[in-house]
Amino acid sequence: MRPASDRAARRLRAGGLALPLVAFIFLSFLAPLGNLLTRSVHEPVVADALPETLRALEGEWSGGLPPDAAFDAIAHELPVARETRQIGPTATRVNRRESGMRSVIVKTARRVARLESRAQAGEPWRQLLPEIDEAWERPESWQAIRAAGERFTDRHYLNALDLDRDANGDVVRQPPERRIYVALFLRTLVVSLGVTVLCLLIGYPLAHLIANASAGTSRMLLLLVLVPFWTSLLVRTTAWIVLLQQQGTVNDLLVWIGLVPDDARLSMIYNMTGTFVAMTHVLLPFMVLPLYSVMRSIPNVHMDAAASLGANPTQAFVRVYWPQSLPGVAAGSLLVFILSIGYYITPALVGGQSGQLISNMIAHHMQTSLNWGLAAALGGVLLLAVLALYLIFDRLVGIDKLRLG
Amino acid sequence: MPTDVHVVYEDVRKSYDGSTWVVHGLDLEVHRGEFLTLLGPSGSGKTTCLMMLAGFEAATEGAIRIDGESVQDLPPDKRGIGVVFQNYALFPHMTVAGNLAFPLEVRGMAPAERAERVERVLRLVRLEGMEARRPAQLSGGQQQRVAIARALVFEPELVLMDEPLGALDRRLREEMQYEIRRIQRELGVTVVYVTHDQQEAMVMSDRVAVFNEGRIEQIDPPEVLYEEPERAFVARFIGENNLLHGTVLGLRDGFCDVDVGGIAMRAACIAPLKVGEPTTLAIRPERVGVGDSPDRYANDFEATVDDITFLGDHLRVNLSIGEIKDFVAKIPNVTGQGGVLEGDRVRLGWAALNCRALEAVAEVPSPQ
Ligand SMILES: Nc1ncnc2c1ncn2[C@@H]1O[C@H](COP(=O)(O)OP(=O)(O)OP(=O)(O)O)[C@@H](O)[C@H]1O
Ligand SMILES: [Mg+2]
């Protein structure tokens, strides 16, 4: 028996060895995740740029417009924001609340200095600002600033769910032409389910074949499954383009056989079909490998036993083989489903317009529209959806039943 | 016991690879209600014979009949044969009751009757109260009982068992041997049982078929197999025998005189031998008299004691008779002392009837 202090020291040393790993997980996984979730609700830009203005905007406004203090404060703060280069982001965020406000704010920030002398002379900013832009006489402009000045906002999440707040602050649905994300989420869900089912339909017999073939054949088949796994995703996706495009191999073959007339070549790529085909191919190994590992552990003699007990091959499969392969089915399906729900590259390359998924929209907001808050909220919704599915799965099947390989 | 024929193998041959026979021209009749054991060394084709009967392997040539009907084209699930596999093959995702109900379910039996049958068969194998357990929650012996119960629950007339006790320890194995025998007697089913343990075969069987290289060497009740082995292989495989190789000098009245390395011996002539032919003599060690009065036996020699091993109920003595080394005799321990010492010269003898002249151990028959 070792003394307790010795054991504690050993545990400490073991913990110390694991420290780099913990740090790595934190830096590479938890920190970005936390950053993303923070961004989706935290928007300090306007609040930091216009603190005095926002304070003046609090409380009741008489006659629809804010008190004079607000005009004074914004006249003072806009030029400062311009100097600290915060005017662009600030204008963008206010503009998301009330379109047209971007130019109003940028223009005002630039011209305030010229009116400074008249302000010194006693003219109030309440009269001077409308000279720069009459938008300052509209309550909507000020409401937009006040709304954009909230540090914490549920706007991105509402937006991600096609919701909005009306003038009374009640949650309402977006007008029909602006409802895009819910439909996209649903499409992503359907595509993910479809890809999972396809992978299962192809992967189950394939894994069964590999698990029950002779050692040589089994190794060969496993290699065939794995080789695509090791080649670049881009190469594989491009290969599908070559195969499936209008002048591609498959269409050529169909035309040559006479199954399809030359002027009605099938469009199998840059649409949903392309997304389905390429994603199923890319994700198939994630289905086959867990299935194979589980199936290999099911003794062949069980099927013989079932037959000796009077079960025909169908009954033997349904009652004896399938239930024992379920942990593999569950693991493979969960893997494929979760991977495909966040899939990005393949739909982007071969999905065309109709084959885009939610991740492509997230990428769009990250890279093109630069609305990181919305991108983060969309990502957050996705994360929640996956977590919910995981919990449902755990309830129905049990995570401990998973066999990932 | 009624001896109507239940199963027949007619000149059955089996080859897995198309070039070597693992079963050569097997002829075998299994009687109804009989406990028949296939006994033989590893690789002698016992499992293959059993699997052909169960329907998991097809006979390459010949026919297998059950109740006179060829089962050539009958798939295993239509044969209605209970099979107990070596590693039980219980379904791990079902409870004990689920495993037992499975053959009844696939036969479309009503739940109430199913439950009653399951209960009855659990009582038969003495596992009452284990219905809700999973196979993984049972001991090896209990799993074994479930496997047997599952093979019996749909009331087959024929049950096959392939080394069902191989995974159990000795004590449990002996207990289960007795249990299986009891159950078989109680139900009156026909059992074809595979083992490579001759002790097990002796304890359980009505008849034992001794397999060697895909052939049956001899098929007889255990005591006949022990007392009257007809082939050198059987003499060696069942119990213990001194096997001496010699040449036939003369034949008379079912006995023969044999020259073994210059020593003449008298033996019961079992194989159809002719003068001048080689032969193998089989003598049981416990039928050898050591230090008895002279002239009691037809075979009577001087021998030297090389080695003595004390084994409780008997002494095992290794002797040399002239050039014949490693001749074994067993002396029952009746007096508490054997009366012989290493290096002693002793008299050694055995009756002609206890010395069986068999066909010389032939070359192993080469597959075609
Ligand atoms: N599926 C198979 N494919 C090819 N050869 C086989 C197959 N099964 C058995 N054999 C061969 O057939 C011969 C007889 O095998 P079998 O399993 O019948 O022997 P056994 O008497 O049951 O042996 P054991 O006591 O070791 O179980 C062996 O040489 C074995 O290698
Ligand atoms: Mg065997």
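Residue numbering restarts at 1 for every chain, and letters A, B, ... go by the order of the sequence lines. Nothing here was measured: the structure is a model prediction, and the numbers come from that model.
Looking at Arg107(B), only its side chain comes within 4.5 Å of chain A, counting heavy atoms on both sides. Residue Gln86(B) does not touch chain A at all, counting heavy-atom pairs closer than 4.5 Å. Only the side chain of Met94(B) comes within less than 4.5 Å of a heavy atom in chain A; its backbone stays farther off.
Cation-pi check for Arg150(B) over Phe102(B) is not met; the charged atom does not lie both under 6.0 angstrom from the ring centroid and within 45 degrees of its normal.
Counting heavy-atom neighbours within 6.0 Å of Arg182(B) CZ, excluding the residue itself, gives a total above 12.
The shortest heavy-atom contact between Ile358(A) and Thr188(A) is N-OG1, 3.0 Å.
Between His93(B) and Phe91(B), the ring planes are tilted. Angles from 30° to 60° get that label.
If you tally non-hydrogen atom pairs under 4.5 Å between each of Leu90(B), Asn87(B), Leu104(B) and chain A, the highest count goes to Leu90(B).
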